[in-house]
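Each chain gets a letter, A, B and so on, in the order its sequence line appears, and its residues count up from 1.
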Amino acid sequence: MRRLTAPFVSLVVFVAGWYALAYSLENNFATDDGSALIVPPPHRLFEGLNNRTIERILLATGISVATALAGLALAVMLGTALGILMASAKTVERAIWPWLIAVQVTPVIVLTPIIVRIFGPSFLARVFVTVLVAIFPMASNVLFGIRAIPQAWRDLFVLRKATPLQTVRELWFPAALPSFFAGLRVSSGLAVIGSIVGDFFFTRGDPGLGRLINYFFLDTRSGPMFVTAIIATLVGFTFFAGAGFLRKLFVDPWHKP
Amino acid sequence: MHMLEISAISRVFNAEVVVENVSLQVAEGEIVSIVGPSGCGKTTLLRIAAGLLTPTSGTVLLHAGRIGFVFQDSALLPWQNVHENAALLASDADKEFVETLLERTGLSGHRHKWPHELSGGMKMRLSLVRTLAMRPSVVLADEPFGALDQMTRQHLQDELLFLHSLHAFTILLVTHAIDEAVYLSDRVVTMSAAPGRFIRSTQVAFERPRNPDLRYSAEFAALCGRVADSLRRTSP
């Protein structure tokens with residue numbers, strides 16, 4: 001119970017600030033029907049939502065979640081593979097590492113147009129953008145997790161006469177699991193960001209959350225815009241919490257740092 | 001018969017001589033301890049003897065069987081429970097032997113626990129079990145009890161001697177505790193500060209099985225004093 005006090009208080013402060021902002025803004029409410037034009041107060045968030053709008057938001061959420069999930073799954077697999085490859089040979093690391101850094105430091109809105117130009121505005125292109133955004137934490141965490149394996153554990157597998165494959169499967173994998181999940185927590189959030197930001201450039205087909213929020217913005221429909229933003233945040237939260245849940249399941253029982 | 005023969009081993013790391021021309025023969029069933037100041041290359045020597053590190057020059061000969069290694073901080077795999085850790089190095093045919101060892105060390109009731117749920121003493125016991133489960137002819141131990149409190153340490157020394165009396169293996173042990181070396185060993189070898197060289201070998205003639213009260217006898221103290229004295233003379 002105690003643990004929930006602080007987050008609850010901060011939520012109350014946030015909502016209070018929101019109300020204060022909504023009612024302190026000049027011309028926030030239209031003179032004819034009284035609808036919110038800039039910032040709708042929390043209890044009037046859902047006013048502008050008709051069935052058609054709800055449908056659009058749900059569809060956009062579906063697209064963005066599917067993109068983020070597919071991108072994250074690929075980023076986890078590719079990132080883990082790259083981490084293992086880099087950990088097994090310094091040469092490989094020197095060859096791959098600069099590219100990972102390059103992908104990491106280039107903003108997603110710079111990468112997306114290039115990818116859309118090459119692949120066309122397909123689902124595959126959306127997923128590819130997400131992979132690029134989410135892969136770095138996976139690769140680097142897996143690499144550092146393997147690097148941090150104590151010498152004694154490595155010696156143990158030498159004494160065991162383990163094959164390289166056995167060593168990767170039975171030592172590298174489990175030993176790197178805590179840092180794998182640390183990477184997953186960051187990557188899962190990034191995958192959601194990647195899928196939504198990347199969405200801006202997909203001008204054909206049904207919009208994801210990114211383009212939909214832009215549409216509501218241009219259409220000055222503040223209510224749906226805020227609802228879409230909140231949904232985007234909740235999707236990110238869910239991904240983050242999912243990663244934490246998996247960690248609790250697979251690592252926390254045995255891992256005591 | 002010699003079980004382990006270390007001949008003229010030297011090891012150089014980055015142009016620095018860590019171990020210099022060290023030779024040692026360990027007889028079958030014998031317990032030999034190496035004592036020396038920290039950083040004298042004891043661990044390096046042990047890893048070379050285990051085949052985990054190649055010497056710059058010199059040879060290591062193991063005359064029969066396999067080498068087992070007990071690591072400094074027990075080095076249990078945290079994602080494996082007690083039983084899985086115990087069986088890590090054992091062959092499939094030795095499943096029952098693992099059980100026997102767990103029972104003998106009082107660990108069989110904790111088989112499903114994670115390593116982090118064990119006390120320091122239990123962790124070290126499990127580490128010993130894991131090593132013995134591979135039926136080694138020679139056990140190399142790198143300061144195995146260094147991280148334990150005095151009481152636990154003495155318990156484990158006696159347990160190691162008990163297991164040694166049952167399973168007849170040869171032990172080469174590195175320690176910085178002179179009393180531990182004297183209590184456990186047939187022979188104590190002292191090593192100089194870096195570059196590590198052997199300076200003296202002291203026979204320990206106390207009867208086996210060792211009586212735990214031996215630790216508080218005058219002869220024991222006198223022998224420890226002699227070993228300490230030879231160590232002192234080498235340090236600069």
Side-chain angles (χ1 to χ4, degrees), chain A residues 76 79-80 83-84 87-90 138 141-185 243-257, chain B residues 43-44 46-54 62 65-92 94 112-118 123-124 126-127 129-144 146-147:
Chain A
V76 167
T80 305
I84 290 172
S88 37
K90 254 309 195 226
M138 289 316 303
N141 274 280
V142 168
L143 172 63
F144 293 133
I146 295 169
R147 280 247 194 87
I149 294 174
Q151 186 60 48
W153 296 356
R154 295 177 188 273
D155 287 348
L156 210 51
F157 276 71
V158 174
L159 290 171
R160 225 184 139 194
K161 299 193 167 63
T163 61
L165 195 69
Q166 228 181 345
T167 306
V168 169
R169 212 178 44 219
E170 292 174 36
L171 176 64
W172 288 19
F173 241 86
L177 219 50
S179 47
F180 169 91
F181 279 107
L184 182 65
R185 207 148 67 153
F245 174 74
L246 290 176
R247 193 206 133 88
K248 257 203 171 69
L249 211 59
F250 293 111
V251 173
D252 283 7
W254 58 265
H255 183 69
K256 290 285 171 291
Chain B
T43 299
T44 304
L46 218 55
R47 291 190 72 227
I48 289 172
L52 294 167
L53 200 66
T54 45
L62 174 70
R66 291 201 279 175
I67 280 188
F69 203 101
V70 180
F71 295 93
Q72 213 158 10
D73 53 353
S74 76
L76 302 170
L77 302 180
W79 58 87
Q80 297 196 336
N81 66 24
V82 167
H83 181 257
E84 289 165 331
N85 266 293
L88 182 76
L89 303 172
S91 67
D92 290 338
D94 279 334
H112 298 300
K113 284 190 177 164
W114 299 110
H116 75 81
E117 296 173 297
L118 304 179
K123 280 184 193 164
M124 207 56 232
L126 179 53
S127 188
V129 167
R130 180 176 66 187
T131 304
L132 296 184
M134 66 186 284
R135 296 190 186 271
S137 54
V138 176
V139 170
L140 305 174
D142 186 8
E143 298 195 12

Exercise for review: Report the distance from atom CZ of A/Arg154 to atom CG of A/Leu156, rounding to the nearest 0.5 Å.
Suggested key: 12.5 Å

Exercise for review: Output all residues satisfying side chain to side chain contact (heavy atoms under 4.5 Å, CB included) with A/Val168, sequence neighbours left out; order by chain, then residue number.
Suggested key: A/Ile84, A/Trp172, A/Phe173

Review point. Under a 4.5 Å heavy-atom cutoff, which of B/Pro78, B/Ala75, B/Pro115 has the most pairs with chain A?
Key: B/Pro78

**Study point:** N/O donor-acceptor pair under 3.5 Å between B/Gln80 side chain and B/Leu77 backbone
**Key:** no

Check your understanding: When heavy-atom pairs shorter than 4.5 Å are enumerated against chain A, which of B/Ile67, B/Leu76, B/Asp73 gives the highest number?
Key -> B/Leu76

Check your understanding: Do other residues, nucleotides or ligands put more than 12 heavy atoms under 6.0 Å from A/Lys161 NZ?
Key -> no

Check your understanding: Does the side chain of B/Val82 come within less than 4.5 Å of B/His112's, by heavy atoms?
Key -> no

**Study point:** Heavy-atom pair with the smallest gap, counting every atom of A/Ser179 and A/Gly145
**Key:** OG-CA, 3.0 Å

**Study point:** Other residues, nucleotides, ligands: >12 heavy atoms within 6.0 Å of B/Arg47 CZ
**Key:** yes

Point to revise | Contact class of A/Leu171 relative to chain B, heavy atoms under 4.5 angstrom | key: both

Practice item. Check whether B/Leu88 gets within reach of chain A through its side chain, its backbone, both or neither, counting any heavy atom under 4.5 Å. Key: both

Exercise for review: For each of B/Phe71, B/Phe69, B/Trp79, tally heavy-atom pairs with chain A at distances under 4.5 Å, and name the one with the top tally.
Suggested key: B/Trp79

Check your understanding: Does any non-hydrogen side-chain atom of A/Arg185 lie less than 4.5 Å from one of A/Arg247?
Key -> no

Practice item. Please look at A/Pro174 and chain B and tell me whether the side chain, the backbone, both or neither of the residue comes under 4.5 angstrom of a heavy atom of that chain. Key: both

Review point. Side chain, backbone, both or neither: which part of A/Ala175 has an atom under 4.5 Å from a heavy atom of chain B?
Key: both

Exercise for review: For chain B, find its close neighbours in residues 248-255 of chain A: heavy-atom separation under 4.5 Å, sorted by number, or none.
Suggested key: A/Pro253, A/Trp254

Point to revise | Chi angles and distances behind the salt bridge (charged side-chain N to carboxylate O under 4.0 Å, His left out) call for A/Glu170, A/Arg160 | key: CA-CA 12 Å; A/Glu170 292 174 36; A/Arg160 225 184 139 194; 2.9 Å; yes

